[in-house]
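Since the structure is predicted, the reported quantities are computational estimates derived from the model, not experimental observations. Quick note: numbers below take in every heavy atom, side chains included, and nothing from hydrogens, waters or symmetry partners. Below, read A as the first sequence line, B as the second, and so on, with proteins coming before strands; counting in each chain starts at 1.
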Protein chains: 2
Amino acid sequence: MIRDSRLSSVLHGLLHMIGAGEPVTSEQLAQAMATNPVVVRRVMAGLREQGLVRSEKGHGGGWTLARDPADITLADIYRAVGAPTIVAMGHRSENPGCLVEQAVNDALSGTFREVEAIFLKRLGAVTLDALAKDFKRRLAKHKQSLEDQIHAVK
Amino acid sequence: MIRDSRLSSVLHGLLHMIGAGEPVTSEQLAQAMATNPVVVRRVMAGLREQGLVRSEKGHGGGWTLARDPADITLADIYRAVGAPTIVAMGHRSENPGCLVEQAVNDALSGTFREVEAIFLKRLGAVTLDALAKDFKRRLAKHKQSLEDQIHAVK
DNA sequence: CATCATGTAACATATGAAGTTACATGATAC
DNA sequence: GTATCATGTAACTTCATATGTTACATGATG
């Protein structure tokens, strides 16, 4: 299964980082991600290991992007966030020699690999930068519509 | 996410049914599926609703396939077993109006649909009958190799 | 050296899947 | 008809795992 919550929550945080020109604290990210600071550190630690973000301690510390948003794809993030691989079929330690298991695996393991490959390929086609721009577009549109409402009232 | 355990466990049960010429009790299936009778009934109930199996009460009762194994595909079973749809991204009730969420959705919802479609298409290409035959082949091979070992000892 | 921020272990809570018990319902054999 | 067998299902109990929380250590900055 694909855990969406993690991915979309992390994207919230990253978009937040792009906006801010300075390091963002776990505390601030926790708000953007609707969670708490420790969880933020836990999740961001994974991204740091993949070289996507950096963390700095002390005054003025916090989290920053380690790479150009145009060079970071959703696939990178998905992987860093701990992609559980789409499926785990048959790789359980339960019945290593079970013949039914083997037959099922043979029939499906290729499919799983293929599906996962396609999924990652698609994610790889979307950069963080593109996402940020799309978000800004939406924001502008949203503002516009709010203003329109105000004018209509006036 | 794709819950494999369910699918592969159910396949165990179904192959068992193909082998037996008569109704198989939940008790017997529980052994084949390494679980207990109530869970078997719970899971099989889903397959019954999809018209894949039948259940009969009383003496000589139990579970039987409702259709020709050559007409049942793994996609049918996957769906009946309660396919949680590969992913749930963004459809959470949490932030219905969140613009980040919307941007992410737009970027990925098509991908999710596509990936799931491919997955089901592949599953749809494998029939229960084909799987059973493959299993029998493996079984024969396994027996053969056991006999070889015995002869070698003699 | 006081303060701020991350790093992390240890524990608490929540959610959902799976297992279990208990009993109702229906079917078959005698 | 009634004893027995099998499913149907509600209610409850684990169990696993993700998430949240507390507490404290580490390191950086002013």
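- Applying the side-chain contact (heavy atoms from CB on, under 4.5 Å) test between A:L52 and each of A:D71, A:V81, A:L47 identifies A:L47 as the sole match.
- Atom pair B:N36:CG and D:dC12:P shows a separation of 18 Å (rounding to whole Å applied).
- Side-chain contact between B:L128 and B:T73 is absent, with no heavy atoms from C-beta onward closer than 4.5 Å.
- A:L29 has its CG atom 12 Å from the P atom of C:dG7, to the nearest Å.
- Separating the CD atom of B:E27 from the C1' atom of D:dC5 is a distance of 11 Å, rounded to the nearest angstrom.
- For the contact set between residues 41-58 of chain A and DNA chain C, defined by any heavy atom under 4.0 Å, the members are A:R41, A:R42, A:R48, A:S55, A:E56, A:K57, A:G58.
- Applying the 4.0 Å criterion to OP1 and OP2 of C:dA18, one finds that B:T35 has every side-chain N and O outside that range.
- From B:L14, atom CG reaches atom CE of B:M44 across 5.0 Å, with rounding to the nearest 0.5 Å.
- Counting only residues at least two apart or in different chains, salt bridge (charged side-chain N to carboxylate O under 4.0 Å, His left out) contacts with residues 125-137 of chain B comprise B:D129-B:K133, B:D134-B:R137, B:D134-B:R138.
- Dashed line: the shortest gap from a side-chain N or O of A:T25 to OP1 or OP2 of C:dA5 is not under 4.0 Å.
- Straight-line distance from the NE2 atom of B:H59 to the C1' atom of C:dG26: 12 Å, rounded to whole Å.
- The side chain to side chain contact (heavy atoms under 4.5 Å, CB included) test applied to B:R48 returns B:A45, B:V53, B:S55, B:W63, not counting sequence neighbours.
- For the pair A:M17 and A:L29, the minimum side-chain heavy-atom distance is below 4.5 Å.
- Comparing C:dA18, D:dG20, D:dT29 by their closest approach to the side chain of A:V39 singles out D:dG20.
- Heavy atoms of A:G60 sit nowhere under 4.0 angstrom from any nucleic acid atom.
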